[in-house]
Amino acid sequence: MTTFSKDIIQQFGQMPTPFYYYDMALLDQTIQSMKKEADRFGFVVHYALKANSNPEILNRMQEFGLGADCVSGNEVSRALDCGFKSEQIVFAGVGKSDAEIKTALSHDILAFNCESVQELEVIDQIAGQMGKTANIALRLNPNVSANTHKYITTGLEENKFGINQWELETVVDKLKQLKNIKLTGLHFHIGSQITDLNAYKSLCLKINEFQTWFQHRHFKIPHLNVGGGLGIDYHHPDENSIVDFGAYFKVFHDYLELLPGQTVHFELGRSVVANCGSLISKVLYIKNGINTNFMILDAGMTELIRPALYQAYHKIEKLTNTDGKLTRYDVVGPICESSDCFGKAMLLPETKRGDLIAIRSAGAYGEVMSSNYNLREKVKAFYSKL
Ligand code: LLP
């Protein structure tokens, strides 16, 4: 069983593989569901461009009135080119270069999510030279576990991200001295592919403690930015194609103690775009190994690195000749690395050269992380009509 229609599979057969295919109707439904649930609580969502920065995708986000969460000067420029308003753009990252800071300052973005004491000094200095005042949200490291893969955990003291609790007194002194920056918010992001909502409850309780700390020192905090990270169900992309945004936002509504007038901002990436994208690939060869069969695809880790890098699971679906006898395959790519493997011992209908395969839930951190290692061609993208 597949969600792809016969017509689409036939079209795929005429197209040069591998390529990303984006289901724009599902993207729209997902954005609508997220917007509806966020609006119920008056929450503001900035789409995290790092998950997928294709202009076609960004245009949809922008048309639904979302803000943008950027992590490089180029992402800030891309967001502006795609119609996001500068006052809806936030800019995070532990290593913002001077040029990137200048780009963001020249557009008067909503906030720099500032990750270290030294970064505060540099932004202040550059803002001074440009005759600007920079809006700053302090990215604080809450030391809260996200119960996710260690490579995508960001909110523990051992991680490079954010300002640690023991540095806060120094930060407060700096904020008083530096005249070209203005504190407008607190920012947090504890990790990605988070499926245990209790992690967010712990984050909220920690944020409340930080708020009290700043209140005692008479700081006004107009906005709280709680980051992103909501996980999706990679195992059931059709049954659970849209995540339960309602349950997610409700945790923040229930546990965050907001001060009067305070706005709450989110930076969601994966949960909005992952399920609308599939990597479509053709089988090049079948090779019998000692204990397994290798299904060798024309897509590899250069097109989708998540399985190789995070041992991530993506559902692998056969699109042609689907009624063959179920057979076990190691589904691998053509790249000269043993980690270039999409799935081991996968049970799929018997396959031959030329069959089409879909690797599902690849819309987030797929195409954006592709490379031309082995001098591979840049992977192409196709979009369904709405
Ligand atoms: N905000 C900040 C500060 C972030 O670092 C991230 C993701 C997000 C928001 C968006 O998180 P999301 O809602 O997409 O989980 N390449 C990895 C994921 C890296 C996430 C990096 N930061 C993967 O393929 O799983």
Side-chain angles (χ1 to χ4, degrees), residues 30-31 34 38 43-53 57 61 66-72 75-76 79 89-96 110-116 119 137-142 144 146-156 159-163 185-197 199-200 203 224-234 243 245 248-249 252 264-277 279 301 303-314 342 359-371:
T30 311
I31 304 173
M34 181 188 65
F43 292 160
V44 182
V45 179
H46 302 258
Y47 166 66
L49 265 75
K50 62 180 86 59
N52 189 319
S53 47
I57 304 256
M61 303 286 173
L66 302 184
D69 163 39
C70 302
V71 284
S72 70
E75 281 193 358
V76 172
I89 295 178
V90 293
F91 180 20
V94 286
K96 301 178 188 77
L110 176 68
F112 285 86
N113 293 333
C114 213
E115 309 228 7
S116 66
E119 188 190 326
L138 295 173
R139 176 169 182 177
L140 304 179
N141 185 326
V144 166
N147 300 327
T148 184
H149 191 280
K150 102 179 190 329
Y151 287 3
I152 50 177
T153 293
T154 51
L156 291 176
N159 301 128
K160 67 180 174 183
F161 300 99
I163 294 167
L186 298 181
H187 173 248
F188 305 84
H189 175 73
I190 58 174
S192 196
Q193 185 49 21
I194 299 171
T195 49
D196 174 8
L197 292 183
Y200 288 116
L203 172 64
L224 292 177
N225 181 338
V226 298
L230 179 60
I232 62 144
D233 184 351
Y234 279 98
V243 294
F245 288 107
Y248 166 71
F249 288 125
F252 294 90
V264 185
H265 298 242
F266 291 79
E267 300 170 341
L268 292 172
R270 184 192 315 266
S271 50
V272 201
V273 282
N275 266 332
C276 80
L279 176 59
M301 63 195 287
E303 285 69 47
L304 178 66
I305 201 174
R306 301 195 69 257
L309 193 55
Y310 317 111
Q311 300 75 49
Y313 173 86
H314 284 259
F342 291 117
I359 303 178
R360 304 290 307 278
S361 312
Y365 306 108
E367 197 186 342
V368 276
M369 293 179 80
S370 64
S371 75

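These numbers come from the heavy atoms of this one structure, side chains and all, not from hydrogens, waters or symmetry mates. Counting starts at 1 for both ligands and their atoms, following the listed order.
- The salt bridge (Lys or Arg N to Asp or Glu O under 4.0 Å) with Lys96 is formed by just one residue from the set Glu115, Glu119, Glu75; it is Glu119.
- The backbone N or O of Ile305 lies less than 3.5 Å from no partner atom in the side chain of Tyr365, so there is not a single donor-acceptor pair.
- Not one N or O of His187 is nearer than 3.5 Å to an N or O of ligand 1, by distance alone.
- Near Arg139, meaning under 4.0 Å from any of its heavy atoms, are these atoms of ligand 1: 3 (C).
- Contacts between His189 and ligand 1, counted as non-hydrogen atom pairs separated by less than 4.0 Å, involve the side chain only.
- No option in His189, His46, His187 other than His187 meets the side-chain hydrogen bond (donor to acceptor under 3.5 Å, both in side chains) test with Glu267.
- Using cut-offs of 30° and 60° for the angle between ring planes, the Phe266 and Phe249 rings count as perpendicular.
- Exactly one of Val226, Leu110, Asp69 qualifies for a side chain to side chain contact (heavy atoms under 4.5 Å, CB included) with His265. That residue is Leu110.
- Here is the list of ligand 1 atoms found below 4.0 Å of a heavy atom in Leu268: 13 (O).
- When heavy-atom distances to ligand 1 are checked against a 4.0 Å cut-off, Asp69 comes that close only through its side chain, counted from C-beta outward.
- Contacts between Ala48 and ligand 1, counted as non-hydrogen atom pairs separated by less than 4.0 Å, involve the side chain only.
- Residue contact check: Met369 has heavy atoms under 4.0 Å from atoms 16 (N) of ligand 1.
- If you check each of Lys50, Gln193, Glu115 against atom 7 (C) of ligand 1, the one with the closest non-hydrogen atom is Lys50.
- Heavy-atom proximity to Arg270, at under 4.0 Å, picks out these atoms of ligand 1: 12 (P), 13 (O), 14 (O), 18 (C), 23 (C), 25 (O).
- The backbone and the side chain of Glu267 each have at least one atom closer than 4.0 Å to an atom of ligand 1 (non-hydrogen atoms only).
- In summary, the atoms of ligand 1 found under 4.0 Å from a heavy atom of Gly229, numbered by their order in the structure, are 11 (O), 12 (P), 13 (O), 15 (O).
- Distances between N or O atoms of Ser192 and those of ligand 1 include at least one value under 3.5 Å.
- With ligand atoms numbered from 1 in the order given, ligand 1 contributes 12 (P), 13 (O), 14 (O) to contacts under 4.0 Å with heavy atoms of Gly269.
- Ring orientation note: the planes of Tyr200 and Phe252 are tilted relative to one another, at an angle of 30° to 60°.
- Screening Glu303, Glu367, Arg360 for a side chain to side chain contact (heavy atoms under 4.5 Å, CB included) involving Leu279 leaves a single residue, Glu303.
- Using modelled atom types, no side-chain atom of Asn113 and backbone atom of Arg139 make a donor-acceptor pair closer than 3.5 Å.
- Counting heavy atoms from C-beta outward, Met61 and Ile31 have side chains that approach closer than 4.5 Å.
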